[in-house]
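Okay, structure first, notes after.
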Amino acid sequence: MAVGEYLSSVIERGDAGSALLAERTVQTLQHSPVDFIGRKKDIPVVRFPENKEVVVHTAVGCQDLKNPTEIAASLVDSLTEDAYRLNAIPVAFANVIDSQSGDLKMLENIAEGLVQQSLRHEVAILNGENAILGNRLTVPFTISGTMVSMRPSSHKKRKEEGIEYTTFAHNNKPVFLNSDGVGTKTEFYERNRRFHLGLQDSLAMKMDDAVKLGAEVKVVADVVQTRGSISMDKLGKYAETLSMQYGCKYVLYHEPNAPISGYGHSNLNIAGTAVSLVDEKILDRLHPQEGNVVLALRGQPNPRSNGISAKRENMEKILGKEWHKETLGKIFLQYLATPSTVFYPVCKKLMDQDCATAFFHMSGGAYKGKLAHLLAKERLFVQLKNLFPPDWRELALAGFSLMPSEVAYAQWPMGNEGFVAVRPDLVKEACHLIASAGLESRVVGGLEHAFNYTGVEFRDVKDSSGRSLYFSGK
């Protein structure tokens, strides 16, 4: 794939597929106890009875079946059957669809299987993730899901053979689900054989999405697909470390001999769902506002987990298929195989203390989709200046392919992993809190009401026509 085709073939086509799936599955949200919260009442959540605990469990679709509709239906059947085996009542789930191409007809067939079985079992499809992994899959698609079920809080937990699950108390707060995965970045961990590091990328993608709602992440449930020799013991121990570090339960569902490929004979794919509690008092005040100061955030230099296909292909073009064994390739791999920073803990504190009004992390669309688009929805505009500079290896990869800035900044973080909008009188406090978390921040702009322009303009970055780089977000 040429790097210039990335936005249309992956991000934009993925968004079209996501829109199709959302439109087809919305009818399942009629099932009680689904509710809609937020200023625009567009965030689906589940409300659990006071005397019930939340049960979280994961399953995968059966690849042995004939067609996409049957495979998708088998996922819903497995999730609901597991709920009953756990003496719980199935309520709602989120799914992850990884596919080779994002073919819309195939997604339509998948949606048909999901919807027909969800209506049959009276469960809601609360959310989902639609990812395009190209030739890293050896089948047209795979599908997995994480369900929340309910059972009496007094129920004694016991080991149920073949079902990885966990439970938590909801404290009378609505439950939110959001899904994401590592994508093709796992190839870098295959090359340096540090497979476990992909788990931090997975946490970052999901936890940093959940914290946009000020949510408290209780569980992250990931499906770990492997092929070849990969130690699940090592991944399990690292999951326990991350669980303690970020204050959530981290549950891994292992699918061995998965239909995946990649570098070498040992391959990995990670994707799943975060299950969170939303405090509606915090949520109601979380929206970027005119006059907010915008801070750029960064941790250790890394590419996050987006725009990786272009980076993978460029490395092969520059240094060959075994690029990571070359002296220069090893230097690039140090950067490319650095896990994403997890901003969730510090952003949660900023929001809990009514210091921050919004958070944006540069993954899956970067400045175009994850910043400009969200600001445009609020009729806001920011001129960015004094940004953190991109890592030299990021610039080198863009320069090698003669990638124009409008393409690079639409898919890559370019040195700035995230942005947070803070109240102008609390900028000093916000910067201090961020620094105490071992992260860097700097003031890069202020939010303005959009009179003539919405979205993002870069004061110090030019597009291919020589004008200031600009994304309207529309």
Side-chain angles (χ1 to χ4, degrees), residues 54-61 75 78-79 82 93-98 126-131 133 136-137 141-148 162-168 176-190 194-211 215 217-227 230-260 262 266-276 304-306 308 339-340 342 344 363-364:
V54 183
V55 184
V56 182
H57 48 104
T58 299
V60 298
L75 169 65
S78 293
L79 288 169
D82 286 350
F93 69 94
N95 62 84
V96 175
I97 301 169
D98 288 333
L126 212 62
N127 216 326
E129 166 70 4
N130 173 44
L133 302 186
R136 285 193 60 86
L137 288 181
F141 80 100
T142 62
I143 185 168
S144 63
T146 295
M147 174 168 276
V148 287
I163 303 178
E164 290 289 339
Y165 77 101
T166 191
T167 64
F168 66 91
F176 175 72
L177 280 69
N178 64 283
S179 303
D180 209 339
V182 180
T184 64
K185 187 178 179 180
T186 49
E187 180 180 308
F188 300 142
Y189 302 125
E190 292 167 357
R194 302 187 72 192
F195 304 103
H196 63 286
L197 294 181
L199 296 179
Q200 182 169 321
D201 280 303
S202 186
L203 282 187
M205 296 303 102
K206 289 183 277 290
M207 297 186 87
D208 287 353
D209 273 347
V211 82
V217 178
K218 303 297 290 185
V219 178
V220 174
D222 265 335
V223 173
V224 178
Q225 296 177 305
T226 65
R227 183 181 77 101
I230 295 178
S231 171
M232 283 303 299
D233 285 343
K234 189 170 185 178
L235 267 71
K237 290 177 181 177
Y238 190 57
E240 292 177 5
T241 299
L242 293 173
S243 177
M244 291 185 287
Q245 183 175 354
Y246 296 112
C248 70
K249 298 178 181 180
Y250 196 1
V251 181
L252 303 183
Y253 178 106
H254 182 212
E255 183 184 5
N257 304 313
I260 59 175
S266 298
N267 308 122
L268 178 73
N269 185 44
I270 308 170
T273 298
V275 184
S276 310
R304 283 195 81 75
S305 195
N306 57 285
I308 299 300
S340 306
V342 181
Y344 166 83
S363 292

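Only this structure's heavy atoms are used, side chains among them; waters, hydrogens and symmetry mates stay out.
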Is there a donor-acceptor contact under 3.5 Å from the side chain of Thr273 to the main chain of Leu177?
no
Shortest non-hydrogen contact from Pro259 to Thr142?
CG-CG2, 3.8 Å
Mind checking the OG-CZ spacing from Ser231 to Phe195? Nearest 0.5 Å is all I need.
10.0 Å
Is it true that a side-chain atom of Lys206 and a backbone atom of Ala274 form a donor plus acceptor pair closer than 3.5 Å?
no
As a quick check of understanding, evaluate side chain to side chain contact (heavy atoms under 4.5 Å, CB included) for Leu268 and Glu187, giving each step before the final call.
CA-CA 8 Å; Leu268 178 73; Glu187 180 180 308; over 6 Å; no
As a test of understanding, state which of Val223, Thr184, Asp98 forms a side chain to side chain contact (heavy atoms under 4.5 Å, CB included) with Asn269.
Asp98
What are the two closest non-hydrogen atoms of Ile260 and Gln225, and how far apart are they?
CD1-O, 3.5 Å
Cationic N near anionic O, under 4.0 Å, Glu190 to Arg227
no
Tyr189 and Asp201 side chains, donor-acceptor separation under 3.5 Å:
yes
Between the CG atom in Asn178 and the CG atom in Asn127, the distance rounded to the nearest 0.5 Å is 6.5 Å
Taking atom types as modelled, find out whether His57 and Thr146 have a side-chain donor-acceptor pair closer than 3.5 angstrom.
no
Indicate the atoms forming the closest heavy-atom contact of Ser305 with Ser340, along with that distance.
N-OG, 3.7 Å
Is there a donor in the side chain of Arg304 and an acceptor in the side chain of Ser363, or the other way round, less than 3.5 Å apart?
yes
Taking all non-hydrogen atoms of both residues into account, name the closest pair between Leu79 and Thr58 and its distance.
CD2-C, 4.0 Å
Side chains of Lys237 and Thr241: any donor to acceptor distance under 3.5 Å?
no
For ring pair (Phe, Tyr, Trp, His ring centres under 6.0 Å), just list the numbers for Tyr238 and His196, CA-CA rounded to whole Å, side-chain angles, deciding distance to a tenth of an Å, and then say yes or no.
CA-CA 7 Å; Tyr238 190 57; His196 63 286; 4.8 Å; yes
Kindly compute the distance separating OG1 (Thr226) from CE (Met232), expressed to the nearest 0.5 Å.
7.0 Å
Might you work through the side chain to side chain contact (heavy atoms under 4.5 Å, CB included) test for Tyr165 and Asp82, ending with a clear yes or no?
CA-CA 10 Å; Tyr165 77 101; Asp82 286 350; over 6 Å; no
Under 3.5 Å side-chain donor-acceptor pair for Tyr253 and Asp222:
no
Tell me, with the steps shown, if Cys248 and Lys218 meet side chain to side chain contact (heavy atoms under 4.5 Å, CB included).
CA-CA 5 Å; Cys248 70; Lys218 303 297 290 185; over 6 Å; no
Could you state the interatomic distance from CD (Gln200) to CE (Met205), rounded to the nearest 0.5 Å?
9.5 Å
Shortest non-hydrogen contact from Val56 toward Ala221
CG1-CB, 4.4 Å
Would you compute the distance between atom CD1 of Ile230 and atom CG of Leu235 and round it to the nearest 0.5 angstrom?
7.5 Å
